[in-house]
Amino acid sequence: MRILRTKAEVRAAVHEARSGGEATGLVPTMGALHEGHLSLIRRARADNDLVVVSLFVNPTQFGANEDLGAYPRDEHRDAALAEAAGADILFAPPVAEIYPDGFATSIHVSGITEVLCGAHRGPAHFDGVATVVAKLFQIVAPDAAYFGQKDAQQVLVIRRLVRDLDIPVRVVACPIVREPDGLAMSSRNAYLNPAARQQATALNRALDAAESAVARGETRADAILERARAVLATAEIDPEYLELRDPEDLRELDAVETTALLAVAAQVGKARLIDNRILSASR
Ligand code: PAF
């Protein structure tokens with residue numbers, strides 16, 4: 001695996017592969033790699049000839065009071081994990097390579113960014129994500145790009161970005177990877193002390209409770225959300241949001257008629273965690 005720092009080097013490597021008829025897969029990451037990321041890299045490896053993993057802690061998607069300074073960074077460890085999972089290139093640019101002096105452009109995807117994490121973290125968060133992902137797509141020009149379904153709203157924002165700006169990349173969403181006790185894998189799990197780590201398992205159990213209610217025939221959003229909220233309350237978690245929304249356009253739903261996205265975010269100890277589940281009405 002090669003570690004590249006500049007846009008020019010990455011463009012040259014991908015150009016060479018494309019000239020030979022090879023397909024390129026991109027896995028954008030902010031590092032602190034865990035099994036969730038590795039599942040994306042393995043999927044990209046299975047689908048493509050050349051696999052590029054980007055490692056860039058993107059400052060523009062962090063709010064002023066968020067964890068940019070504390071975000072876990074260990075390039076040596078990430079490089080070893082990415083290589084073992086099948087990456088050919090690790091693109092790990094310095095901040096100035098992505099945001100040179102005078103950088104003045106931002107991409108705003110409206111509508112779907114105004115709810116859930118967008119409402120709570122502020123509009124700058126998804127502007128930062130959309131802008132850096134658009135830049136990565138320009139630099140790497142991948143055939144396909146791989147994202148985790150844990151960030152369900154991020155996947156929708158990127159799909160909309162790609163559609164609206166006619167970017168020729170296939171966006172592949174991969175399933176959430178969980179710890180054996182159900183906690184969704186996240187780089188931010190590293191912030192949890194043992195008590196908070198145990199408390200955090202309630203997020204997945206809350207989603208389970210809602211899913212069981214739907215499996216038993218419940219369709220009313222308020223009843224489904226109540227089941228999930230009760231599990232969170234038992235674990236003394238007061239969610240930032242717990243909402244049932246349309247999985248495509250994030251419209252708020254008052255019933256599960258076909259499918260619904262149940263999304264939750266909560267501060268647990270020192271970590272802000274998110275999780276979600278697609279619920280399907282039982283027929
Ligand atoms: O999901 C992430 O890690 C980031 O939001 C991404 C897509 C790498 C953009 O910085």
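Heavy-atom basis, side chains included; hydrogens, waters and symmetry copies ignored. Each ligand, and each atom within it, is numbered from 1 in the order the structure gives. Because the structure is predicted, anything quoted here is derived from the model rather than measured. Note that the numbering runs from 1 along the sequence shown for the chain.
Using a 4.0 Å cut-off between heavy atoms, Ile158 makes no contact with ligand 1 at all.
For Glu75 and Arg73, the salt-bridge test fails: no basic side-chain N is under 4.0 Å from an acidic carboxylate O.
The structure places CG of Asp275 at 10.5 Å from CD of Gln149, a figure rounded to the nearest 0.5 Å. Separation of atoms OG1 (Thr29) and CG (Asn58) is listed at 11.5 Å; rounding is to 0.5 Å. Between the CD atom in Glu97 and the CD1 atom in Ile139 there is a gap of 7.5 Å [rounded to 0.5 Å].
Remark: ligand 1 atoms within the under-4.0 Å shell around heavy atoms of Pro28 are 8 (C). Numbered from 1 in the order shown, with element, the atoms of ligand 1 that lie under 4.0 Å from a heavy atom of Val132 read 9 (C), 10 (O). Close approach to Gln61 involves these atoms of ligand 1, each under 4.0 Å from a residue heavy atom: 4 (C), 5 (O), 9 (C), 10 (O).
The single protein non-hydrogen atom nearest to atom 7 (C) of ligand 1 is Gln154 NE2, 3.5 Å, given as residue, atom name and distance. Scanning the protein for heavy atoms near atom 3 (O) of ligand 1, the closest one is Met30 CG, 3.7 Å.
For the pair Lys150 (side chain) and Ala184 (backbone), a donor-acceptor distance under 3.5 Å is absent. Remark: the backbone N or O of Ala144 is not paired with any side-chain donor or acceptor of Arg170 at under 3.5 angstrom.
On a distance-only criterion, Asn58 and ligand 1 share no N/O pair closer than 3.5 Å.
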